[in-house]
Amino acid sequence: MNVLEMNNIKKSFGENNVLKDISLQVKKGEVVSIIGPSGGGKSTLLRCATLLEKIDGGEIKYMDEKVTYYDSKQKLCYNRNLNKFRKVFGLVFQNFNLFPHYTVLKNIIDAPVSVLTMDKQEATERALALLKKMDLSGKENLYPCELSGGMQQRVSIVRALAMQPDILFFDEPTSALDPELTGEVLKVIKQLAEEKMTMVIVTHEMAFAKAVSDRVIFMDGGVIVEQGKPEDVFENTENERTKQFLKTYYSNAY
């Protein structure tokens, strides 16, 4: 079953066509990494999938239910009940986006209590269990400014998981972190992958994408240039643009 389906997605900002006829599907339990040069449309694709940006054309479906459709006049429309779809996914931003005036615990339980109408005691117990799983026990009463960047990002992952989503999106989850803290966060995402959490990860961490993904998508210029198993994209690609990107990446990395 496809948790997410995006068909013929188009998105422009003024004269800039950022997404040009993109189609992708994500199956339950699948980990998909999206790689590619900056400005290739990766983050915009995630923002469209998570309803932070409206598409100009195409179709988005979650769990086989249409988020967008065309009316009798072929005008693109969004389902009126978007909150229902927002409960399906979680999104982890590159800059954590925690509320600075909330404790760690309040950051985590606020949405389950207010959006899912979860009992506060139940939400708290679930939050504490997730914090323990992420090696963050004892941090629940601290404020974000009292945590390292790696800890803040792990809290933001816990916050997303607390909503019990069917799919998790990560938008460059380590780009704001130094290499040591990056390892902390990637370890957590790898653990989620082993537990068969459905995930879409936009990342510049090639070794990580290769190790954790079921499928890798290479995007450039607003199109999907290539997709396939990690070993096919990273080791056996016949695509010249992919080869050029990987060669540039590895020469800059070492």
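All of these numbers come straight from a predicted model, not from anything done at the bench. Index from 1, following the sequence.
Side-chain heavy atoms closer than 4.5 Å link hydrophobic residues (I, L, V, M, F, W, Y) into clusters, and following such links, even through other members, never connects Val88 to Met118. Linking ILVMFWY side-chain heavy atoms closer than 4.5 Å, directly or via other members, places Phe85 and Val92 in two distinct hydrophobic clusters. Both Phe245 and Val225 are assigned to one and the same hydrophobic cluster, defined by single-linkage of ILVMFWY side chains at heavy-atom distances under 4.5 Å. Linking Ile, Leu, Val, Met, Phe, Trp and Tyr whenever their side-chain heavy atoms come within less than 4.5 Å leaves Leu130 and Leu116 in two separate clusters. Taking hydrophobic clusters as Ile, Leu, Val, Met, Phe, Trp and Tyr residues chained together by side-chain heavy-atom distances below 4.5 Å, Ile167 does not share a cluster with Val115.
Residue Asn239 holds its CG atom at 12.0 Å from CD of Gln227, rounded to the nearest 0.5 Å. The CZ atom of Phe169 sits 8.5 Å away from atom CD1 of Ile34, with the distance rounded to the nearest 0.5 Å. The distance from atom CD1 of Ile22 to atom SG of Cys48, rounded to the nearest 0.5 Å, is 10.0 Å. Taken from CG in Leu142 to CG in Asn107, the straight-line distance is 12.0 Å, to the nearest 0.5 Å. Between the CG atom in Leu45 and the CD atom in Glu53 there is a gap of 11.5 Å [rounded to 0.5 Å]. Atom OH in Tyr249 sits 8.5 Å away from atom CZ in Phe234 (nearest 0.5 Å).
Across every non-hydrogen atom of Val233 and Val216, the tightest pair is CG2-O, 3.9 Å. Closest non-hydrogen pair, Val67 versus Tyr62, comes out as CG2-CD1, 3.7 Å. When every heavy atom of Val212 is checked against every heavy atom of Ser33, the shortest pair comes out as CG1-OG, 4.4 Å. A pairwise comparison of heavy atoms in Ala127 and Ile109 identifies CB-CG2, 3.8 Å as the closest pair. The two atoms that bring Pro173 and Leu177 nearest to each other are O-CD1, 4.0 Å, heavy atoms only. Looking at every heavy atom in both residues, Met219 comes nearest to Gly40 through CE-O, 3.5 Å.
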Below 3.5 Å, can you tabulate the donor-acceptor pairs from side chains in residues 179-194 to any protein atom, sequence neighbours excluded?
unit_1, atom_1, unit_2, atom_2, d
Thr182, OG1, Asp178, O, 3.0
Glu184, OE1, Arg154, NE, 3.3
Glu184, OE1, Arg154, NH2, 2.8

In residues 73-80, what donor-acceptor pairs under 3.5 Å come from side-chain atoms, sequence neighbours left out?
unit_1, atom_1, unit_2, atom_2, d
Tyr78, OH, Ile55, N, 2.9
Asn79, OD1, Asn81, N, 2.8
Asn79, ND2, Lys66, O, 3.3

Under 3.5 Å, side-chain donor or acceptor atoms of residues 155-164 against the rest of the protein: list the pairs with distances, not counting sequence neighbours.
unit_1, atom_1, unit_2, atom_2, d
Ser156, OG, Gln153, O, 2.6
Ser156, OG, Gln153, OE1, 2.3
Arg159, NH1, Asn97, O, 3.0
Arg159, NH2, Phe96, O, 3.2
Arg159, NH2, Asn97, O, 3.1

Let me check something: any side-chain donor-acceptor pairs from residues 132-140 under 3.5 Å, sequence neighbours excluded? List them with distances.
unit_1, atom_1, unit_2, atom_2, d
Lys133, NZ, Glu195, OE1, 2.8
Lys133, NZ, Glu195, OE2, 3.3
Glu140, OE1, Gly138, N, 3.0

With a 3.5 Å cut-off and sequence neighbours excluded, list the donor-acceptor pairs that the side chains of residues 201-209 form with protein atoms.
unit_1, atom_1, unit_2, atom_2, d
Thr203, OG1, Glu205, N, 2.9
His204, NE2, Glu172, OE2, 3.1

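Annotation: side chain of Arg47 is not in contact with side chain of Thr44 (no heavy-atom distance under 4.5 Å). Residues Ile217 and Val32 meet the side-chain proximity criterion, which asks for heavy atoms closer than 4.5 Å. In this structure, Pro165 and Met197 have side chains that are in contact, with non-hydrogen atoms separated by less than 4.5 Å. Between Ile9 and Ile60, the closest side-chain pair of non-hydrogen atoms falls below 4.5 Å. Contact annotation: the side chain of Tyr143 approaches that of Thr103 to within less than 4.5 Å [non-hydrogen atoms, C-beta and beyond].
A donor-acceptor contact shorter than 3.5 Å is absent between the side chain of Asp171 and the backbone of Ser43. Looking at Asn7, its side chain never comes within 3.5 Å of a backbone N or O of Glu59 through a donor-acceptor pair. Between the side chain of Ser213 and the backbone N or O of Val31, no donor-acceptor pair lies under 3.5 Å. One N or O on the side chain of Lys11 and one on the backbone of Lys54 form a donor-acceptor pair closer than 3.5 Å. For Tyr70 (side chain) and Gly58 (main-chain N/O), a donor-acceptor pair under 3.5 Å exists by modelled atom type. A donor-acceptor contact shorter than 3.5 Å links the side chain of Asp56 to the backbone of Ser12. Judged by distance alone, with hydrogens and angles left aside, the side-chain atoms of Lys20 form a donor-acceptor pair with the main-chain N or O of Gly221 at under 3.5 Å.
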| request: Test Arg86 against Leu51 for side-chain contact (heavy atoms from CB on, under 4.5 Å), laying out the working first. | output: CA-CA 8 Å; Arg86 290 192 176 101; Leu51 313 180; 4.1 Å; yes
Exercise for the section: Might you work through the side-chain contact (heavy atoms from CB on, under 4.5 Å) test for Lys61 and Leu4, ending with a clear yes or no? Expected result: CA-CA 6 Å; Lys61 291 166 78 175; Leu4 169 67; over 6 Å; no
*asked:* Using side-chain contact (heavy atoms from CB on, under 4.5 Å), reason through Leu131 and Ile108 one step at a time and then give a plain yes or no.
replied: CA-CA 10 Å; Leu131 285 169; Ile108 296 165; 3.7 Å; yes
| said: Let's go through Thr242 and Leu246 carefully: what are the C-alpha distance in whole Å and the side-chain angles of both, what is the deciding distance for side-chain contact (heavy atoms from CB on, under 4.5 Å) to 0.1 Å, and is it a yes or a no? | reply: CA-CA 6 Å; Thr242 309; Leu246 292 173; 4.0 Å; yes
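Paired with Glu226 under the rule side-chain contact (heavy atoms from CB on, under 4.5 Å), one option of Thr237, Asp232, Ile35 passes, and it is Thr237. Tested against Glu5 for a side-chain contact (heavy atoms from CB on, under 4.5 Å), the candidates Gln25, Lys27, Glu65, Met63 yield a single pass: Gln25.
Salt bridge Lys196/Glu30: absent, no basic N to carboxylate O contact under 4.0 Å. With salt bridges taken as basic N to acidic carboxylate O contacts below 4.0 Å, one links Lys210 and Glu235.
Here ring-ring contact (aromatic ring centres under 6.0 Å, His included) pairs that include residues 15-51, with residues two or more places apart or in two chains, number zero.
Around NZ of Lys243, the count of heavy atoms belonging to other residues, nucleotides or ligands within 6.0 Å exceeds 12.
Between the side chains of Glu240 and Gln244, no donor N or O sits under 3.5 Å from an acceptor N or O.
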